[in-house]
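Heavy-atom basis, side chains included; hydrogens, waters and symmetry copies ignored.
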Amino acid sequence: MTPILPALLALLLVSCSAPDPGIAPSVIGKPAPDDARPPAAEPAAPVLLARGTPVPAASLEAYKKDFAQRIMQTSPEVFGEALPQVFKSIVVVEVTIDRDGRLAGVLVSRSNGYRELEKVALASVRRAAPFTAPARHFARHDGSVRFLETFLFRDDGRFRVRTFAEPPPPPK
């Protein structure tokens, strides 16, 4: 075998494993900034595995939507009409869900002091449990997830979860 043949084989192997030439070498291995990443595809309904186990959401944002959907489905205090101009109360809760989808904790993070509405928000989260287990790629080191969710209360004590609130109308 000539000395050139091993060198050509080595070059061929290196070129097969080389990164895409369109990617600058300085950014290889670094995650793209959030605004540069394409949005993750989110299924309209939970995808189920063969035994009926829900597939974990692809991102924390998708997981939060699944969480909010579960609250909306299990809470009788939810309203479906248009959002009012002014809310009676806005309650922000901090939620922790463990690696198995069990509610590990829920507490009021911010409120304007309506204790009864705070209790409704907390009870709604507890009633909706258990949740789908979070995916490892966005979970914390112990497998849990922690995030905030906002409850928008009308004067009659009914609420909408902010994740499913209407977007604001465009400026005129």
Side-chain angles (χ1 to χ4, degrees), residues 29-168:
K30 295 181 182 176
D34 287 339
D35 57 354
R37 292 184 187 143
E42 298 174 27
V47 179
L48 300 179
L49 297 173
R51 295 185 175 210
T53 305
V55 173
S59 67
L60 182 57
E61 285 306 311
Y63 188 83
K64 288 169 65 173
K65 283 185 180 181
D66 290 348
F67 168 85
Q69 183 67 43
R70 177 92 176 122
I71 289 173
M72 299 285 284
Q73 292 170 343
T74 59
S75 297
E77 300 90 358
V78 171
F79 69 87
E81 300 82 23
L83 294 176
Q85 292 286 332
V86 178
F87 296 102
K88 178 176 183 173
S89 182
I90 297 176
V91 177
V92 180
V93 297
E94 180 179 298
V95 179
T96 305
I97 299 173
D98 75 11
R99 72 177 68 223
D100 298 318
R102 292 183 301 248
L103 183 64
V106 60
L107 56 93
V108 173
S109 177
R110 275 184 273 163
S111 173
N112 57 344
Y114 289 96
R115 299 290 181 227
E116 286 305 312
L117 299 180
E118 292 173 8
K119 289 177 186 177
V120 169
L122 295 171
S124 295
V125 173
R126 290 181 184 116
R127 183 183 313 114
F131 303 95
T132 304
R136 288 178 151 191
H137 64 275
F138 60 78
R140 298 172 348 153
H141 68 280
D142 63 356
S144 68
V145 292
R146 181 179 293 164
F147 55 89
L148 300 175
E149 184 57 84
T150 304
F151 289 73
L152 309 170
F153 284 93
R154 297 190 310 197
D155 286 338
D156 63 0
R158 295 171 64 89
F159 70 86
R160 176 93 52 91
V161 178
R162 182 174 173 263
T163 299
F164 287 101
E166 300 166 351

Rounded to the nearest 0.5 Å, what separates atom [atom1] in [X] from atom [atom2] in [Y]?
X: T150; Y: R110; atom1: OG1; atom2: CZ; value: 7.0 Å
X: L103; Y: T96; atom1: CG; atom2: OG1; value: 8.0 Å
X: E61; Y: F147; atom1: CD; atom2: CZ; value: 10.0 Å
X: S124; Y: M72; atom1: OG; atom2: CE; value: 10.5 Å
X: R140; Y: I97; atom1: CZ; atom2: CD1; value: 11.5 Å
X: K65; Y: T163; atom1: NZ; atom2: OG1; value: 8.0 Å

Testing the basics here: between [X] and [Y], what is the closest heavy-atom pair and its distance to 0.1 Å?
X: A133; Y: D100; value: CB-C, 3.9 Å
X: E149; Y: A68; value: OE1-CB, 3.9 Å
X: R160; Y: F79; value: NE-O, 3.1 Å
X: P134; Y: D98; value: CD-O, 3.3 Å
X: T132; Y: Y63; value: O-OH, 2.5 Å

Steps toward side chain to side chain contact (heavy atoms under 4.5 Å, CB included) verdict (I90, F151): CA-CA 6 Å; I90 297 176; F151 289 73; over 6 Å; no

Any side-chain heavy-atom pair of V145 and F138 under 4.5 Å: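 A side-chain contact under 4.5 Å exists here.
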
Test item: P76 and R127 side chains (from C-beta on) under 4.5 Å apart, heavy atoms: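 Heavy-atom side-chain distance check passes, below 4.5 Å.
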
Just by distance, do the side chain of [X] and the backbone of [Y] share a donor-acceptor pair under 3.5 Å?
X: R99; Y: S144; result: no
X: N112; Y: K88; result: yes
X: S59; Y: A62; result: yes

Centroid-centroid under 6.0 Å between F153 and F87 rings: no

K64 vs L60, side chain to side chain contact (heavy atoms under 4.5 Å, CB included): CA-CA, chis, key distance, verdict: CA-CA 6 Å; K64 288 169 65 173; L60 182 57; 4.2 Å; yes

salt_bridge(E81, R154) N-O dist < 4.0 Å: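 A salt bridge is present here (some side-chain N lies under 4.0 Å from a carboxylate O).
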
Electrostatic pair R146-E94, nearest N-O below 4.0 angstrom: yes

Sequence-distant partners of R115, side-chain hydrogen bond (donor to acceptor under 3.5 Å, both in side chains), two or more places apart: E118

